[in-house]
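Counting from 1, the numbers follow the sequence of the chain as shown. Everything numeric here is computed off the predicted structure, so don't read it as measured data.
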Amino acid sequence: MLNFIWVFCILFGILFALITGEMGAVSQAVLSGGREAVNLAITMAGVVATWSGIMKIAEKGGMISTLSNRFSPVLHFLFPEIPKKSKAMQYISANFIANFLGLGWAATPAGILAMKELQKYNKKKDTASNAMCIFMIINMSSLQLVTINILAYRAQYGSTNPGEIIGPGIIATLFSTIIGVFVGKLLERRCK
C-alpha cells in the first residue's frame with residue numbers, strides 16, 4: 001500500500017510540475033536530493049561505525065553486563081514472566097543500554113535477538129506476548145540520554161549548536177517511555 005502512495009505522490013508531483021511549467025525545479029530537486037542523500041549517508045555511516053564500535057568496547061569491557069545487573073530490578077518489573085538470567089534479558093539489556101546511549105543502530109541487532117528469545121517464552125506463537133509488547137513500547141519510545149542521530153543530522157545541516165537538543169530530548173523520551181510503560185502495564189492487567 002505504501003508503494004502505491006509513494007508512486008501516486010511522485011506522479012502527482014511530476015504532473016503538477018508539467019502543468020505549472022516547473023519541470024526544471026523537479027530535475028534540480030532530484031539531483032540535489034540525491035547529492036544530499038549521499039552526503040548524509042556518509043556522515044551517518046561514520047556515526048554508526050563510531051558508536052557501534054564504542055558499544056562493542058563497552059560490551060567486551062563488561063560495562064553492558066554491569067549495567068544489566070543494575071537494571072535487573074527494573075527489567076524484572078517490566079518482564080516478570082522472563083527468567084532473570086535468560087538470554088532474552090541479556091539482549092533486552094543490551095538493546096536498552098544502546099538506545100539509552102542514543103545508539104539506535106547498535107541497538108537493532110540486540111533488539112531482534114531479544115524478540116527471538118522472547119518468542120521462546122510465548123505461549124501463543126501467533127500472537128505477541130505481553131513481554132514482547134512492553135519491549136516494543138520501550139523500544140519505540142526509546143529513552144535516550146544523548147540523541148546521537150539528531151545531533152548528527154543537526155551538525156550535517158549546519159546547526160550552530162547541535163547539542164542544544166539534548167535536554168529536550170531527554171525530557172521527551174523520558175515522558176514517552178513512562179507513559180508508554182504505564183499504558184502497556186494497564187492494558188496487560190486488563191487482558192488477564
Nearest-0.5 Å distance that lies between atom CD in Glu81 and atom CD1 in Ile134: 9.0 Å

List the atom pairs, donor and acceptor, that lie under 3.5 Å between side-chain atoms in residues 109-118 and the rest of the protein, sequence neighbours left out.
unit_1, atom_1, unit_2, atom_2, d
Glu117, OE2, Lys120, NZ, 3.0

Selection residues 143-155 - residue pairs positive for salt bridge (Lys or Arg N to Asp or Glu O under 4.0 Å), sequence neighbours left out: Arg154-Glu164

In sequence, state the C-alpha distance, the side-chain angles, and the governing distance for Leu11 and Leu15, and then conclude on side-chain contact (heavy atoms from CB on, under 4.5 Å). CA-CA 6 Å; Leu11 292 177; Leu15 182 64; over 6 Å; no

Exceeds 12 heavy-atom contacts within 6.0 angstrom, atom NZ of Lys125: yes

hydrophobic_cluster_shared for Ile171 and Ile179, side chain cutoff 4.5 Å: no

Taking all non-hydrogen atoms of both residues into account, name the closest pair between Leu75 and Met89 and its distance. O-CE, 3.6 Å

Closest non-hydrogen contact found for Arg70 with Pro73 is O-CD, 3.5 Å

Any link between Phe175 and Leu186 through a network of hydrophobic side chains (Ile, Leu, Val, Met, Phe, Trp, Tyr) touching at under 4.5 Å? no

Run the side-chain hydrogen bond (donor to acceptor under 3.5 Å, both in side chains) test against Gln28 and tell me which residues pass, sequence neighbours left out. none

Atom pair OG/CD of Ser27 and Glu22 - distance to nearest 0.5 Å: 11.0 Å

Please identify each residue that fulfils side-chain hydrogen bond (donor to acceptor under 3.5 Å, both in side chains) with Glu36, with sequence neighbours left out. none

Is Tyr157 reachable from Ile166 through a run of I, L, V, M, F, W or Y residues, each pair having side-chain heavy atoms under 4.5 Å apart? yes

Closest non-hydrogen atom pair between Leu78 and Lys185, with its separation: O-NZ, 3.1 Å

Who passes ring pair (Phe, Tyr, Trp, His ring centres under 6.0 Å) against Phe135, sequence neighbours left out? Phe96

Go through Met23 and Ile14 one step at a time and tell me if the side-chain contact (heavy atoms from CB on, under 4.5 Å) criterion holds. CA-CA 7 Å; Met23 277 306 287; Ile14 291 171; 4.3 Å; yes

Does Met140 share a hydrophobic cluster with Ile137, counting links as ILVMFWY side-chain heavy atoms below 4.5 Å and allowing steps through other members? yes

Name all residues meeting the side-chain hydrogen bond (donor to acceptor under 3.5 Å, both in side chains) criterion together with Lys84; count only those two or more places apart in sequence or in a different chain, and write none if there are none. none

Just verifying a value: how many Å separate Ile82 CD1 and Lys87 NZ, rounded to the nearest 0.5 Å? 15.0 Å

Tightest non-hydrogen contact, residues Pro83 and Tyr121, listed as CD-CE2, 3.5 Å

Just how far is it from atom CZ of Phe71 to atom CZ of Phe100, taken to the nearest 0.5 Å? 6.0 Å

Could you see if Phe16 belongs to whatever hydrophobic cluster contains Val26? Use Ile, Leu, Val, Met, Phe, Trp, Tyr and a side-chain cutoff under 4.5 Å. no

How long is the straight-line distance from CD1 of Ile138 back to OG of Ser176, given to the nearest 0.5 Å? 10.5 Å

If I take atom CG from residue Asn139 and atom OG1 from residue Thr177, how far apart are they, to the nearest 0.5 angstrom? 10.0 Å

